[in-house]
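Note: hydrogens, waters and symmetry copies are ignored here, and every other heavy atom, side chains too, is used.
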Amino acid sequence: WKNGGDCNPLGMAEVCRGNTERTNGLTLCFQDWNVTWYTAHPDLTQCFQHTVLVWFPCFYLWVCAPFYCLYLRFYDNGRISLSSLCCAKTGLGLCLASFGLLELVYLLVEKSRDIAILTEIHCLQILAVLLIHLERLRGFRSSVFLFLFWTLAVICSLVPLRANIQAIIDEGFSADAMRFVAFFTFFSLQLAQLILSCFADQRPATLKPVYNPCPVEDASFLSKVLFWWYGRLAVKGYRSPLQAEDLWSLREEDTSEKIICDLEKEWAKQWAKMQQQESALNGAQALGYKLSEQTQLLRKLHKEQISGFCLLRTLAKNFGPYFLTGTLCLVIQDAFMFSIPQVLLLGFVRDEDAPLWKGYLFAFLMFLLSCLQSLFNHQYMYACFTVGMRVKTAVMGLVYRKSLVINSAARRTCTVGEIVNLVSADTQKLMDFVVYFNAVWVAPIEIALCLFFLWQRLGPSALAGIATVILIFPLNGFIAKMRSKLQVQMKYMDGRIKLMNEILSGIKILKFYAWENAFRERVLGYREKELNALKKSQILYSISIASFNSSTFLIAFAMFGVYVLIDEKHVLDAQKVFVSMALINILKAPLSQLPFAMSTTMQAVVSLKRLGKFLCQDELKLDSVERAPYHPDIDGVVIDNGTFSWSKDSTPCLRRINVKVQRGSLVAVVGHVGSGKSSLLSAMLGEMEKKSGHITGSVAYVPQQAWIQNATLKDNILFGRERKDSWYQKVLEACALLPDLEILPARDATEIGEKGLNLSGGQKQRASLARAVYRKADVYLLDDPLSAVDAHVGQHIFEKVIGPNGVLKNKTRVLVTHGLSFLPQADLILVMEDGEITEMGSYAELLSRKNTFADFVKAFSVSERKESATNRDMGSASIQTMEAISDTEQEQDQEEVGRLTQADKAHTGRVKLEMYVEYFRTIGLAFIIPVIFLYAFQQAASLAYNYWLSLWADDPVVNGTQVGTDLKLGVFGALGFAQGIAIFGTTVAISLGGIIASRHLHLDLLNNVLHSPMSFFESTPSGNLLNRFSKEIDAIDCMIPDGLKMMLGYMFKLLEVCIIVLMSIIPRSTSLTSILLCFQSFYVATSCQLRRLESVSRSPIYTHFNETVQGAGVIRAFGEQSRFILLANSRVDHNQTSYFPRFVATRWLAVNLEFLGNLLVLAAAILSVMGRATLSPGIVGLAVSHSLQVTGILSWIVRAWTDVENNIVSVERVKEYAETTKEAPWAIEDSPLPSDWPKSGSIGFQEYGLQYRRGLDWALKEISLSVNEREKVGIVGRTGAGKSSLALGIFRILEAAKGKIFIDGINIAEIGLHELRSRITIIPQDPVLFSGSLRMNLDPFDGYTDEEVWRALELARLKNFVSGLPDKLNHECSEGGENLSLGQRQLVCLARALLRKTKILVLDEATAAVDLETDNLIQSTIRTQFEDCTVLTIAHRLNTIMDYTRVIVMDRGHITEMDSPTNLISQRGQFYQMCREAGLV
């Protein structure tokens, strides 16, 4: 019934038997070529229809079902409840089975011998129903297996369907109505099952609900293959710009938590193996084998290579299986790709007697094969990009976790900039590697297959093509090797990013010292080297591109030339020429991919080595400190005969340390600058290589330089803990933070800038202390927390927090301090000198011994008493952009008021035309016009030689030969070589144009950033700026020129194809162009916005990395690693939510466009069949072989176009900072300023007023003041009084809101900023050093001689230290000057001031971080060396200003008192009150 057989007792076996007898042979039963091929009306034999077509789907189901059931046994995704879709599938399955039952009954009645066969066939329908329910129970929502079964069943029923329709036409429906109704019903049911299998079932109830889940999880098999599931987002993005909340959640298998959890276990095994190998080598070395330097270097290089290989192996184990499924798709795609040239129409066009149906069959076959090739290709690309995305997540996670555990020695070799580069540039290289790796081995196989098929067409002449390929390969291998050597541009880029990171960290110092130009030149020095390496690399790449793009011509020229020249009987007809050209076009893809794949692989190897090297850095040893659980009877801290160093190989910096700290006691650590006090705390934290010692209980740590997160003040204090109001208020009060809350705009909800930009040094230190106190830890390690606060506040904190009656009185406290007044209350004092504890005991014991400590106390106890004088809190804001807020602002939402940093915002909509204009304007019109002409010339040459070939192929054959072969070959060669030269010219020109543009854009960005005022840096996270300088500039350097090359190349190629196809076959091109434009605009709207969202979500990753690396010590001390890891995971995942739909969009577009291109191939082929009477084989060959390229060209055009538009977003983001507010000009032309200004150093304020932001209260109100030359003026007052605002006003860090400042009678608002700042000097509160030589840190412009520099160092008490360093002045300072102590850094800042020796000196709490002895030395140096200068001191220790000519007391922006210290004391005002508290009067 079903298969069109007669409805009679004679079963199928008999039909076959009858057929076999009739045709005398089994072969003819299956294929009778006279019936099937050599006929105008083809058909399949009855026997074939009743056996193969029936049994093929059955065979598939019976053979594969057991394996499928086994697979379902291991797949459990929860149970799907019975849905209407499942019921419909079951109902249809049972209907089909009932047909089998009916037929079975019929055959039983007729006593047929075929009952067993039919029983088996219809049991399949029952099996299919059972599989439907098994899938439902295992949570399988869309079945590929059953979809293929129903597809096969329907396809195999198409021939009987045709037979039945033909029978109805010939005999009429009434002839056998029963059979026709039965067959059509059965076929309809099968078709309905196929349609239903295209849909996916509902989600299993057991799956946890997800907000906005990824639709691929709910998509059917067909939807996944064709990427239809993406369509809804494309429509949404086209209607209105996408927002972050519109994006889908990540699938569980794509989340950081899942990926890194699996990867960490594998990496731990690899790491352990490497450690064992290293231990074995070190063991051999310990036995007395002395290694030469060369051997050590080779071992180091070998370790780097091994570590890179281990990382690759770890990634392969985790992501390999999924990657291999993609590779399988690639192999299948290749099979279809090579099938297409075998079915070209040329044989059909040449054979005039061939029936038309064959032409249509070939045309349809070409269409089908092209579609299948497309689908498998994009499934492969999707798998690659998914693996690439997971690799990125994995590597970022590993690097982040590693940055939390590397030891101090390793941390000094890896700067923040380098670590950020690892997660930006190197992860991108690995993602590219995943996508192009398969080309390394697939491309040679594809090339070999092409050459094999060419041999079949042209015989030994194909060897000429092989020779050409062999010549092209070494050339490109050599070029790839040369380019890999030029990877030094990565090194320069690292250097540039590292330097930019430091510039952004120390921007305030650069502005105070007017050093922007010196650092700008250093950045541009790196940039120039980077661009030179890039230029050489691009020129080499252009040679490579030219050779590969000309490879089609070169191979054709060599093969056709040899073919026609070795024998004049060899003629080139259309079949030979265009099948060969189709194969050579296939050859072009692997030939062009191979160098790129090799180059990408080389870059990935370099990146793997860099990542492996970082991931194999030495880690902090967990056993360095034994953290025993809390017990009241155990000592708090014990170190037995401890010897500590910063790394395994370095000399110990702490020796013979023996410390026992009783639980609940207070230990003070004292000593000179650089004596090892902070190192002792680091040793207690386990940050150093140790011999012995242990800490018991939980630890809280306050570092010497406060580490503050870019978060609210409340979040900084709670630091991940739950808020308990009563304890929180107690902590704020004890740490003297309540007065500060009154000043901050949104109290504790105020956002603090990066590194605490908008807090004063004292506020930062108190917030850092509050974080530790809130923790309620057992052991407190306090690294000089009182240095940055005023003496009175220090006293308050000591009494309320640290001292015997403070909130920590029952805790173990180790306090590093320079304050002598606190020492009598300490239970134990450790005196340190040169890394050793020289004395130990209580205050009374140490005084009675009359050693160094006793002498020191005696000398400085007087000044210490004086120093404790201050008013309530004089912690001055370094740059306080958050003064008291006005009444109107208090009404605003507190969160808005407290916000400081601006999150990176995504633009919306299409990229504006101005961005393209801006980009091309920087290149220059003189450059662009020749490029367009070169492209036009290149494509004209290509069109000409292709058309010339078609004329040659149509040339008539006379006596077995063709006439004028040499001339034809000569013209063909000349046109091809002209095209090759033009290709080289265009690629070089675009590369050089891109470099010109990126040089200009980088320079503009750098200038714009350096000219921005301080408020800009406070409100812009450094991650946003670093992202512009790294990722966005990298995109402008490489991505835009590469995208332009590709886009223009394919645009002109499409033009050529259209001209050929339209000239020859299709007269209308407008429909194709309009559809292309429609797709492009639809796709770009979404893609561009996704690119922006991805860029915006990338910045917080870098900001967080930056912050974490700098605060790793604090994070470890508080044991908060897991919380920070979760934060990093969430930021990476947020970034991937916009990256995932971005690459799916490309696949969705490509599948749709290639289907459009395949329709064009079908149209060209069908029109060729219809017009074969009028078209020559040469023109048909030319048109069809070119139409086959349209699929790829269309997809590449839109992809390249979109890449350009996506990357032009980088230009948009770089230009963004051109529009921000800029500070005043650095220099004014024709300035009347005398060269020796200021000569006297007098300063005058005339009704001067200052506001930090419009709408905020005045920071300074109508200040009128004149400071005479050589006068020494002290400035005192509590936080927010406006002390620092005066300094900021003098340096014009903030511009006057009203009034004027005069220096030597000249209004400073009328001169250039650099003219002002370079001629006055400040010693700031935070000592900032930059990586580079010590000399560069003192004199970046090289304006002073070595003698002058040494003299400054001597006066700053640093000469002995520097002369003891191996490299002396060339000693390399690490990032932030971390290899010098805080006190030494402060002395370097003093040396800078001594070197500049300007007439005006401002000291902003400049001696906060040094001990009393050093402070006294500094003060005496300032008094002697700056005797003839005007000195303004924002006082920290009151004793330092008691001999000044005048003291200014400030309060709330006003000057409340001003006179000599003696007169002010006699007036008994505010200053007298301070002095009385200090015991000075």
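S645 and P652 get closest at one heavy-atom pair: CB-CA, 3.7 Å. Scanning all heavy atoms of the two residues, the minimum distance from V702 to A772 falls at CG2-CB, 3.6 Å. For the pair V731 and A770, the tightest heavy-atom approach, listed with the atom from each and the gap, is CG1-O, 3.6 Å. Summarising the geometry of Y1444 relative to T1433, their closest heavy-atom pair is OH-OG1, 2.8 Å, with the distance given to 0.1 Å. In this structure, A767 and L713 approach most closely via the heavy-atom pair CB-CD1, 4.0 Å. Closest of all the heavy-atom pairs between M832 and I657 is CE-CD1, 4.3 Å.
Residue E836 places its CD atom among more than 12 non-hydrogen atoms of other residues, nucleotides or ligands, all under 6.0 Å distant. When the shell of 6.0 Å around NZ of K730 is examined, it contains 12 or fewer heavy atoms from other residues, nucleotides or ligands. Other residues, nucleotides and ligands place no more than 12 heavy atoms under 6.0 Å from the NZ atom of K800.
Side-chain contact between V637 and V779 is present, with heavy atoms from C-beta onward closer than 4.5 Å. Counting only heavy atoms from C-beta outward, the side chains of Y780 and L815 never approach each other to under 4.5 Å. Between F644 and L680, every side-chain heavy-atom pair lies at or beyond the 4.5 Å cut-off. Residues V773 and W727 have side chains in contact (heavy-atom distance under 4.5 Å, counting atoms from C-beta outward). In this structure, F822 and L786 have side chains that are in contact, with non-hydrogen atoms separated by less than 4.5 Å. Side-chain contact between R1351 and L1394 is absent, with no heavy-atom pair separated by less than 4.5 Å. For the pair V669/T817, no side-chain contact is recorded, criterion being any heavy-atom separation below 4.5 Å from C-beta on. The closest side-chain heavy-atom distance from V1402 to T1321 is not below 4.5 Å.
Atom-to-atom distance recorded for L1401:CG and I1422:CD1 is 6.0 Å, nearest 0.5 angstrom. Separation of atoms CD1 (I752) and NZ (K764) is listed at 10.5 Å; rounding is to 0.5 Å. Between atom CG of residue L782 and atom CG of residue L808 there is a gap of 7.5 Å, rounded to the nearest 0.5 Å. With rounding to the nearest 0.5 Å, the separation of CD in Q825 from CG in L666 is 8.5 Å. Note that NZ of K1359 is 11.5 Å distant from NZ of K1368, once rounded to the nearest 0.5 Å. Of the inter-residue distances, the one linking T643 atom OG1 with R656 atom CZ reads 7.5 Å to the nearest 0.5 angstrom.
In terms of modelled atom types and a separation under 3.5 Å, the side chain of N1337 and the main chain of F1330 share a donor-acceptor contact. Judged by distance alone, with hydrogens and angles left aside, the side-chain atoms of R1116 form a donor-acceptor pair with the main-chain N or O of L404 at under 3.5 Å. E845 places a side-chain N or O within donor-acceptor distance of the main-chain N or O of S842, the cut-off being under 3.5 Å. In this structure, S665 contributes its side chain and D827 its backbone to no donor-acceptor pair below 3.5 Å.
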Q. Please walk me through it: do E833 and K677 pass salt bridge (Lys or Arg N to Asp or Glu O under 4.0 Å)?
A. CA-CA 9 Å; E833 202 168 316; K677 304 184 295 296; over 6 Å; no

Q) Could you go step by step and tell me if Q1386 and I1323 meet the side-chain contact (heavy atoms from CB on, under 4.5 Å) rule? A) CA-CA 8 Å; Q1386 195 63 275; I1323 304 179; 4.1 Å; yes

Q: Starting from the C-alpha separation in whole Å, work towards a yes-or-no answer on side-chain contact (heavy atoms from CB on, under 4.5 Å) for Q704 and Q765.
A: CA-CA 8 Å; Q704 191 172 11; Q765 198 60 275; 5.7 Å; no

(Q) Between Q705 and R1385, is the side chain to side chain donor-acceptor pair (under 3.5 Å) condition met? List the steps. (A) CA-CA 12 Å; Q705 263 194 307; R1385 278 178 260 165; 2.9 Å; yes

Q: Take V1273 and I1448, measure what side-chain contact (heavy atoms from CB on, under 4.5 Å) needs, and give me the verdict at the end.
A: CA-CA 7 Å; V1273 178; I1448 294 172; 3.6 Å; yes

Q: Kindly indicate, with the supporting measurements, whether the criterion side-chain contact (heavy atoms from CB on, under 4.5 Å) is fulfilled by R813 and V667.
A: CA-CA 6 Å; R813 292 141 291 156; V667 178; over 6 Å; no

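A salt bridge does not link E1427 to K1272: none of the charged nitrogens lies less than 4.0 Å from a carboxylate oxygen.
Geometrically, R771 engages F719 in a cation-pi contact defined by less than 6.0 Å to the ring centre and at most 45° from the axis.
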